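Quick caveat: nothing in here was measured; it's all calculated off a predicted structure.
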Amino acid sequence: RGHIWVRNREYIANRFDGQRWEAFRREDGFPSAYRIFAYQGDVWFGTSGNGIYKYDGRELTNYTTRDGMASNAVQGVLADRQGRLWLGSRSSGLSRYDDRFTTYTTEDGLINDHVQYVLEDAQGALWFATSGGASRFDGKTWTDFVPTDGLGTSVSALLEDRRGHIWMAILGENGRSGGISRWDGRAFTHFSGEPLGTKGGYFSILEDRKGQIWFGPWDGRIVRYADGEMEKVDEKQILVFNMLEDRNGGLWFGTSRES
């Protein structure tokens, strides 16, 4: 339908149809939306304590731990190519939904039970960004990655670029700087956040149609990777929650800045 959905700092979902905004407020029965995503033609809302809600344009359906979810606090979300829905949680691992819920935790091979982001790569393997590093799951085997080299180990976002490299946004923690790590299938290349204008690290990643890779900071400047070089493109200190390229090539930044 071409609608753009965002949530504001009050966790109210808002929809933009190209001409006007429409708010979906709690007093009208809509949940506080931490994540908003599309799945099987419906809009879904992930919450920070009340599970997930499916909105088909008319009615809301709620799923929680009573239905088999690992946790009611939803973080990373992905719908894979097989039509399965993956839901990361803050402390209880992740859930896979394909008509029923299946839970995966550190006992199954996940590196950490706080799952912040989920990615499916070109080979169909799943990557999970966690507070303790990243895990890759090919359906049978789990492989763990801890991209340290002086950086923190809390991975907040993942991206596979057109060359097949896996990029990881790293948050700063315990006195260590945040930054960016790139896995080429054999080794990591690390980019510290401090020379790029942030010690807190990065929260979001986007590759645009030109092949440029954008990094949204936790507490610093937006950075772009192009022609083998990192460059700062915004001198303002902001938090970028998410980024989107629309059908016309325009870039949208979900930030903590009001103007």
Side-chain angles (χ1 to χ4, degrees), residues 35-41 44 46 74-88 93-98 102 104 108-112 115-149 151 153-171 179-191 201-216 223-230 240 242-249 251-252:
R35 300 284 189 192
I36 305 175
F37 56 98
Y39 177 59
Q40 295 183 343
W44 294 65
V74 176
Q75 295 248 289
V77 175
L78 172 79
D80 68 20
R81 298 188 194 103
Q82 297 183 50
R84 302 173 300 185
L85 185 64
W86 296 81
L87 304 165
L94 64 115
S95 298
R96 186 190 70 201
Y97 177 70
D98 46 2
T102 303
Y104 297 87
D108 300 291
L110 190 63
I111 193 171
N112 186 284
V115 181
Q116 306 185 89
Y117 197 94
V118 188
L119 168 76
E120 183 177 20
D121 67 22
Q123 284 73 45
L126 295 166
W127 293 72
F128 305 99
T130 82
S131 293
S135 291
R136 181 181 185 270
F137 181 53
D138 64 7
K140 295 181 180 179
T141 304
W142 293 84
T143 305
D144 295 333
F145 299 84
V146 184
T148 52
D149 195 33
L151 301 181
T153 58
S154 182
V155 183
S156 58
L158 298 162
L159 170 84
E160 182 182 26
D161 67 21
R162 58 186 61 186
R163 299 176 62 187
H165 296 163
I166 302 295
W167 293 82
M168 303 181 185
I170 311 294
L171 294 175
I180 299 159
S181 291
R182 181 185 65 205
W183 172 254
D184 65 4
R186 298 182 302 275
F188 278 107
T189 301
H190 303 282
F191 304 85
Y202 294 88
F203 200 70
S204 52
I205 317 176
L206 169 75
E207 183 176 24
D208 66 23
R209 61 187 62 184
K210 297 177 183 177
Q212 301 175 124
I213 302 176
W214 299 74
F215 300 90
V223 170
R224 177 177 59 199
Y225 181 80
D227 300 321
E229 299 290 337
M230 290 283 186
V240 179
N242 212 338
M243 297 178 284
L244 169 73
E245 183 176 19
D246 65 28
R247 62 180 61 178
N248 298 316
L251 296 178
W252 294 70

Test side-chain contact (heavy atoms from CB on, under 4.5 Å) applied to Met230 and Ile180, step by step:
CA-CA 10 Å; Met230 290 283 186; Ile180 299 159; 3.8 Å; yes
Gln82 vs Asp80, test: side-chain contact (heavy atoms from CB on, under 4.5 Å). Steps then yes/no.
CA-CA 5 Å; Gln82 297 183 50; Asp80 68 20; 3.5 Å; yes
If you apply the rule side-chain contact (heavy atoms from CB on, under 4.5 Å), what do you find for Ile205 with Leu158, and how did you get there?
CA-CA 7 Å; Ile205 317 176; Leu158 298 162; 5.7 Å; no
side-chain contact (heavy atoms from CB on, under 4.5 Å) for Leu94 and Phe128? Distances and angles first, verdict last.
CA-CA 9 Å; Leu94 64 115; Phe128 305 99; 3.8 Å; yes
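Under a cut-off of 6.0 angstrom, the local environment of CZ in Arg81 is crowded, with over 12 non-hydrogen atoms contributed by other residues, nucleotides or ligands.
The two atoms that bring Glu120 and Leu126 nearest to each other are CB-CD2, 3.8 Å, heavy atoms only. Between Val240 and Gly216, the closest heavy-atom pair is CB-CA, 3.6 Å. Listed here is the closest heavy atom pair of Ala129 and Ala157: CB-N, 4.3 Å. Across Val155 and Met168, no two heavy atoms sit closer than the pair CG1-CB, 3.9 Å. Nearest heavy atoms, Gly109 versus Ser135: O-OG, 4.2 Å. Gln40 and Gly83 get closest at one heavy-atom pair: NE2-O, 3.8 Å.
Considering Phe137, Tyr117, Trp86, Phe145 as possible partners of Trp127, the one that fulfils the ring pair (Phe, Tyr, Trp, His ring centres under 6.0 Å) test is Phe145.
Distance check, rounded to the nearest 0.5 Å: CE of Met243 to CZ of Phe203 gives 11.0 Å.
A donor-acceptor pair under 3.5 Å is formed between the side chain of Arg162 and the backbone N or O of Arg209. Judged purely by atom type and a 3.5 angstrom limit, Glu160 uses its side chain to pair as donor or acceptor with the backbone of Ala122. A donor-acceptor pair under 3.5 Å links the side-chain atoms of Arg35 to the main chain of Gln75, judged by distance alone.
Proximity of Tyr225 to Trp214: side-chain heavy atoms (C-beta onward) are nowhere separated by under 4.5 Å. Residues Ile170 and Tyr202 form no side-chain contact, since every pair of their non-hydrogen atoms from C-beta on lies 4.5 Å or further apart. Using a 4.5 Å heavy-atom threshold, the side chains of Leu244 and Leu206 count as separate. The shortest side-chain heavy-atom distance between Phe191 and Val223 does not fall under the 4.5 Å cut-off. Here the side chains of Asp161 and Ile213 are in contact, with some heavy-atom distance below 4.5 Å. Side-chain atoms of Arg96 and Tyr104, non-hydrogen and from C-beta on, do get closer than 4.5 Å to each other. Contact check for Ile166 versus Leu159: no side-chain heavy atoms found under the 4.5 Å cut-off. The side-chain heavy atoms of Ile111 and Val146, taken from C-beta on, include a pair separated by under 4.5 Å.
Checked for salt-bridge contact, Asp121 and Arg136 meet the test: a charged N lies under 4.0 Å from a carboxylate O. A salt bridge between Arg186 and Asp184 is present, with a side-chain N of the basic residue lying under 4.0 Å from a carboxylate O of the acidic one.
In this structure, Trp167 and Phe215 have tilted ring planes: the angle between them lies in the 30° to 60° band.
In summary, the side chains of Asp108 and Trp142 do not present any donor paired with an acceptor at a separation below 3.5 Å, with no hydrogens or angles considered.
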